[in-house]
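One structure is given here, and the rest of the page talks about it.
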Number of protein chains: 2
Amino acid sequence: MDKPATIKDVAELARVHAATASRALNPQTRDKVSPRTAARIVEAARTLGYSPNSAARSLRTRTSSVVGVVIPDLRNPVFPPIVRGVEDALREAGYLALLGNTDGDAERERDLLTTMRGQQLAGFILATSRRDTLPPLGPDVSVVLVNRRTEAGDIASVVPDSGAGVRAVVNLLVERGHRRIAHLAGPQDTSTGVERHRAFLDGLAAHGLSPVGVVVSAAFTEQAGYEAAQELLAGSAAVTAIVAGNDMIALGCYRALEERGLRCPEDVSVTGFNDMPFLDKQRPALTTVRIPHYDIGYEAARLLLERIANPGAPAKRVVLPVQLITRDSVTSPASPA
Amino acid sequence: MDKPATIKDVAELARVHAATASRALNPQTRDKVSPRTAARIVEAARTLGYSPNSAARSLRTRTSSVVGVVIPDLRNPVFPPIVRGVEDALREAGYLALLGNTDGDAERERDLLTTMRGQQLAGFILATSRRDTLPPLGPDVSVVLVNRRTEAGDIASVVPDSGAGVRAVVNLLVERGHRRIAHLAGPQDTSTGVERHRAFLDGLAAHGLSPVGVVVSAAFTEQAGYEAAQELLAGSAAVTAIVAGNDMIALGCYRALEERGLRCPEDVSVTGFNDMPFLDKQRPALTTVRIPHYDIGYEAARLLLERIANPGAPAKRVVLPVQLITRDSVTSPASPA
DNA sequence: TTGTATGCGTTATCAA
DNA sequence: TTGATAACGCATACAA
């Protein structure tokens with residue numbers, strides 16, 4: 001097994017031409033060769049431990065069984081399950097995942113895509129969340145967007161039904177008697193931040209309510225959430241409930257409340273978004289919206305594989321349901337407005 | 001930008017032959033072409049958005065700029081930072097990471113490696129933790145092990161100094177006055193489980209102590225830790241401190257203690273291992289050992305790149321220091337033995 | 001310093 | 001049904 005066997009070696013052993021061996025070994029074209037010789041070739045391939053050189057194949061076919069997966073940062077807890085779902089779906093189809101982090105940096109994203117484009121990838125799964133940049137990929141490459149959609153709807157995408165999630169949160173709060181509800185929005189240069197903000201306003205409006213305050217958090221982090229919450233609490237009077245743009249912001253909100261001597265949920269109810277791990281172990285356990293991250297990744301990969309197999313078909317846009325997770329951080333306000 | 005530009009296009013635009021363009025674009029051979037023409041070629045490449053076809057290059061050079069990264073499960077919180085570190089180091093060198101999960105399944109690992117081997121990868125980073133299986137890769141492929149070492153020491157590896165970490169934990173407990181110390185060990189078919197168990201025994205022995213109880217947890221999960229802790233608490237009398245095999249097991253231990261009406265740390269001190277996210281927000285905040293996951297990944301990738309550049313060099317074995325993180329889950333025993 | 005020629009391993013096209 | 005041939009894009013030995 002010093003030099004890996006080539007298709008020529010297989011052909012020689014099976015006493016056929018390399019082209020015939022190629023046909024026999026490729027499921028697509030196996031029926032173009034007689035069963036008897038095909039069997040001989042397969043046998044020869046096995047005894048030689050032949051495994052096709054993917055570089056040569058890619059060069060010839062201008063594609064590969066590798067998919068590029070681009071995310072902002074793997075350390076953000078929403079991405080591991082997404083990537084895992086992607087990988088599982090890809091593997092079932094014999095594909096592999098090439099992973100890249102961008103840190104949300106447009107230039108880094110561009111570099112990464114350029115590098116990846118040189119790899120003859122079969123397609124891309126883009127889970128980046130900046131709103132402005134659209135991937136500089138040709139129209140011929142298969143792409144599936146995760147957590148984001150194009151206005152035009154010309155690119156396939158998989159997103160959670162965030163709007164429904166935020167509205168469910170708002171409905172819960174209103175049902176519990178809250179009227180003075182504020183929002184700690186995520187960064188407004190991200191699609192998720194904008195989307196949830198809009199849904200928050202819509203949700204309130206459906207009850208004839210207006211927000212008692214909205215502060216945009218500088219990032220989806222605990223620290224930024226903490227700072228935004230400070231600002232909110234300093235400014236608005238008598239907030240009874242805060243809808244945070246995500247779980248991290250909600251945790252920052254916990255800290256700000258504690259610092260001001262406010263109890264959660266007795267004084268202020270708080271909700272998150274995403275249902276990260278260990279939220280059930282926070283004090284208080286955070287009421288939030290569970291996003292089916294794994295399923296999103298899995299579905300995105302399935303969609304991509306579909307598009308690779310059938311590039312002409314219209315771009316599907318999948319919306320996955322979310323789930324309200326009711327825990328301890330929401331209760332009725334002490335003095336209903 | 002429909003058809004990606006080839007080196008021929010670049011050469012044409014720069015009015016040179018493709019071979020010259022190749023030389024100019026390759027750092028290795030850039031000095032074999034005059035600075036003026038080189039500049040012209042680089043400029044042409046940029047205007048065309050040229051990125052080399054890696055399939056062609058791999059076919060020619062019999063290698064690629066892609067590295068296989070194999071882990072058990074990305075959803076285990078120790079792996080995202082490791083993979084991120086790997087990716088960062090690889091990217092600095094122009095390499096990409098092909099990611100695969102094995103779920104600790106030996107067969108799946110074998111399949112994955114076989115598939116990856118067909119991709120002309122430049123090397124592998126193996127972060128799997130089963131002790132029995134050794135990767136079925138030829139001696140010619142570059143490999144770096146993460147969190148694990150071979151007995152023979154013939155394969156490069158990067159590991160945290162887990163022994164020192166466990167001993168630091170034991171020392172802390174002994175300093176605080178604990179004498180009746182037990183261990184909830186991780187699965188003994190993993191290298192980490194075995195290693196920490198041994199270090200626990202050594203650490204106690206250094207103080208002339210013997211363990212008051214050792215129960216092996218079926219897995220590195222909260223549930224398994226919970227069950228193991230139940231068994232431990234039912235069996236041994238008067239444990240004052242428990243050293244858990246990792247943070248998840250420690251959290252399971254929390255639950256078991258609570259169920260038995262025991263308070264942590266007043267009745268029983270508990271320690272973890274890994275310093276997962278959000279441990280500081282647990283109740284009580286968990287005293288644990290911080291592993292430099294990102295650095296481990298980064299260093300592993302650096303090592304691999306070194307080996308790729310210089311396959312003949314002896315295999316380095318890097319041990320990274322760990323850090324004791326003292327929080328609230330350890331205190332002095334109520335009644336020192 | 002630059003150009004020419006060749007081959008890496010595979011598969012698509014054409015001919016037999 | 002099978003064989004011959006060419007080409008995918010790049011890097012390198014050799015010639016100029």
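Order of the sequence lines sets the chain letters (A, B, ...), proteins ahead of strands, with each chain counted from 1.
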Grab the [atom1]-[atom2] distance between [X] and [N] for me, whole Å please.
X	N	atom1	atom2	value
A/Q120	D/dC8	CD	C1'	9 Å
A/L48	C/dG9	CG	C1'	15 Å
B/L25	D/dT12	CG	C1'	15 Å
B/R40	C/dT1	CZ	P	14 Å
B/K8	C/dT4	NZ	P	12 Å
A/E12	C/dT10	CD	P	14 Å
A/L59	D/dA11	CG	C1'	13 Å
B/N53	C/dT10	CG	C1'	14 Å

According to a strict under-4.0 Å criterion, is [X] in side-chain N/O contact with OP1 or OP2 of [N]?
X	N	result
B/T20	C/dG3	yes
A/T61	D/dC8	no
B/R62	C/dG9	yes
B/S22	D/dA11	yes

[X] and [Y] ion-paired at < 4.0 Å:
X	Y	result
A/R91	A/E87	yes
B/D105	B/R110	no
B/E306	B/R302	no
B/E43	B/R40	no

Return the nearest nucleotide to the side chain of [X]; candidates are [options].
X	options	result
B/T6	D/dT2, C/dT4, D/dG9	D/dG9
B/V16	C/dG3, C/dT2, D/dA4	C/dG3
A/A56	D/dA4, C/dG9, C/dG3	C/dG9

**Of A/T29 and B/R23, the one whose closest DNA chain C nucleotide lies more 5'** = B/R23
**Request:** Could you tell me whether B/S58 contacts a base, only the sugar-phosphate backbone, or nothing, with contacts defined as non-hydrogen atoms closer than 4.0 Å?
**Result:** nothing
**Asked** Is A/R30 atom CZ crowded by more than 12 heavy atoms from other residues, nucleotides or ligands, each under 6.0 Å away?
**Response** yes
**Prompt:** Got a donor-acceptor pair under 3.5 Å from the side chain of A/R60 to the base of D/dG9?
**Reply:** no
**Message:** Closest-nucleotide mapping onto DNA chain D: is B/A55 or A/H17 further toward the 5' terminus? I mean the 5' end.
**Reply:** A/H17
